[in-house]
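Heads up: the structure comes next, in structure tokens.
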Amino acid sequence: MSIRAQLALLALVAVCVPLAAVLASGLVMFPLHEFVKIFIVSASSALFALACALLLGRRLLRPLGHLRTASARLAGGDLSARAPEAGPRELQELSASFNEMAYSIEQLFDARRELVAWASHDLRTPLASLKAMIETLEDDLAEPAEYVPAIRTQTEILSGLVEDLFELARIDAGALTLEVRDAPLGELVSRCLHSLRAEARAREVELESRIGAADPVVRIAPDKVERVLMNLLANAVRHSPPNGEVAVVVEPDSDQVVIAVEDSGNGLAADASERMFDRFWREDESRTHSSGGAGLGLAIARGLVEAHGGRIWAENRKGGGARVAFTLPLARH
């Protein structure tokens, strides 16, 4: 039985039972000519009450009908389906929750389509390069030794992209495994700076760290945090001009520590601070693997930081350049 039929039956019962009781009492207590008056008044009141109840039920059912229609459209693949937030407060809240769910589903499918499109694009370039080199070798137009370094480079690009996609999949699925332990930040920062020293020297960029007298001990998975910091440092070095500076600044703050990577480059574009942690986002859409990577590094960095219970953000420095910072929990003593 539908809700509409149940509400109609309930309204009918709610009106008829008191009406029957009134008529039965009137029939016993009053003479027949007085009973007719009582019957007319009682029947009129009952009909009016029944009409009001049906109108109220219709008002309650209309938002449910809209919600049912919207849910059917969503189930049929129309991800733009939304329910009007009308009716009583409870139904408005229900419609708002449905609309939030529909929006989340639409965002998820959009992200999936974007992921497939960008991954296909980024895989196509190295695969096309490998295919061309193999065809050249098959036609004896070049010696294998000439293409071995290039083939190795393209293979490493493909391996890195697949590994990044796998890491993102684990982050999205909540299947990321963190081997957490207490570790001092100073050693991790020094290791990252040492790894990038050669690239920074080639670009004439100076690297430095500002940690302070007390080296904070944090509760982290060192390999994951090192990956985050390496990504931020590499981006900062590549966006710094010759004779520029890149610094890692560590600032303890109550029960957490803020790690910031600051550079002396041109700073961030207007929408970069909001979009730079999106997957496959590149500030310069014409960038390729050789000049900027697949655009997954910062998305992975955000996932790794959030897996530690921290947050990551980007902003422009007052004195010029960009600042990308993230938080990590301090070790409990």
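The structure presented is a predicted model; accordingly, all values stated were derived computationally and were not measured. Heavy-atom basis, side chains included; hydrogens, waters and symmetry copies ignored. Here, residue 1 is the first one in the sequence, and each next residue gets the next number.
When all heavy atoms of A142 and Y147 are compared, the closest pair comes out as CB-CE1, 3.3 Å. In terms of heavy atoms, C192 sits closest to L233 at CB-CD1, 3.8 Å. What you find for H66 and A83 is that their closest heavy atoms are O-CB, 4.5 Å. Summarising the geometry of S264 relative to G244, their closest heavy-atom pair is OG-CA, 3.3 Å, with the distance given to 0.1 Å. Of all heavy-atom pairs spanning V324 and M276, the tightest one is CG2-CE, 4.3 Å. Closest approach of L79 and F109 over heavy atoms only: CD1-CB, 3.6 Å.
The distance from atom CG of L268 to atom CG of N316, rounded to the nearest 0.5 Å, is 4.5 Å. The distance from atom OG of S240 to atom CG of D263, rounded to the nearest 0.5 Å, is 4.0 Å. Distance check, rounded to the nearest 0.5 Å: CD of Q256 to OG1 of T327 gives 4.5 Å. For the atom pair I151 CD1 and E156 CD, the distance stands at 12.5 Å (nearest 0.5 Å). Between the CE atom of M133 and the OG1 atom of T136 there is a distance of 8.5 Å, given to the nearest 0.5 Å. Considering CG of L158 and CG of L130, their distance stands at 6.0 Å, rounded to 0.5 Å.
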Going by atom type alone, with no hydrogens or angles, which donor-acceptor pairs under 3.5 Å involve a side-chain atom of residues 217-229 and a protein atom two or more places apart or on another chain?
unit_1	atom_1	unit_2	atom_2	d
R219	NH1	D182	OD1	3.1
K224	NZ	E167	OE2	3.2
E226	OE1	R191	NE	3.1
E226	OE1	R191	NH2	3.2
R227	NH2	D164	OD1	2.4

Under 3.5 Å, which donor-acceptor pairs do the side chains of residues 200-216 form with other protein atoms, sequence neighbours left out?
unit_1	atom_1	unit_2	atom_2	d
R203	NE	E199	OE2	3.4
E208	OE2	R210	NH1	3.3
R210	NH2	E262	OE1	3.3
D215	OD1	L185	N	3.4
D215	OD1	G186	N	2.8
D215	OD2	G186	N	3.2

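Of the candidates Q107, E100, M101, Y103 forms a side chain to side chain contact (heavy atoms under 4.5 Å, CB included) with just one, namely Q107.
No side-chain heavy atom of V261 sits under 4.5 Å from any side-chain heavy atom of V249. Side chains of W313 and R302 form no contact here, defined as non-hydrogen atoms less than 4.5 Å apart. Residues V258 and V250 fail the side-chain proximity criterion, which asks for heavy atoms closer than 4.5 Å.
If you chain together hydrophobic residues whose side chains sit under 4.5 Å apart, L168 and L232 fall into the same group. V180 and L330 fall within the same hydrophobic cluster, defined by Ile, Leu, Val, Met, Phe, Trp and Tyr side-chain heavy atoms under 4.5 Å apart, directly or through other members. The cluster map of Ile, Leu, Val, Met, Phe, Trp and Tyr, joined by side-chain heavy atoms under 4.5 Å apart, puts V162 and I171 in different clusters. I300 and L165 fall within a single hydrophobic cluster, where Ile, Leu, Val, Met, Phe, Trp and Tyr side chains are chained together by heavy-atom contacts under 4.5 Å. L178 and I312 fall within a single hydrophobic cluster, where Ile, Leu, Val, Met, Phe, Trp and Tyr side chains are chained together by heavy-atom contacts under 4.5 Å.
Atom CZ of R68 is surrounded by 12 or fewer heavy atoms from other residues, nucleotides or ligands within 6.0 Å. In this structure, E179 places its CD atom where only 12 or fewer heavy-atom neighbours from other residues, nucleotides or ligands lie under 6.0 Å away.
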Passes side chain to side chain contact (heavy atoms under 4.5 Å, CB included), N266 versus H239? Steps please. CA-CA 8 Å; N266 296 325; H239 287 84; over 6 Å; no
Assess the residue pair R82 and E106 against the criterion (salt bridge (Lys or Arg N to Asp or Glu O under 4.0 Å)); give the C-alpha distance rounded to whole Å, side-chain angles, the decisive distance to 0.1 Å, and a yes or no. CA-CA 11 Å; R82 299 292 185 272; E106 186 177 21; 2.7 Å; yes
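Looking at H194, its side chain never comes within 3.5 Å of a backbone N or O of S190 through a donor-acceptor pair.
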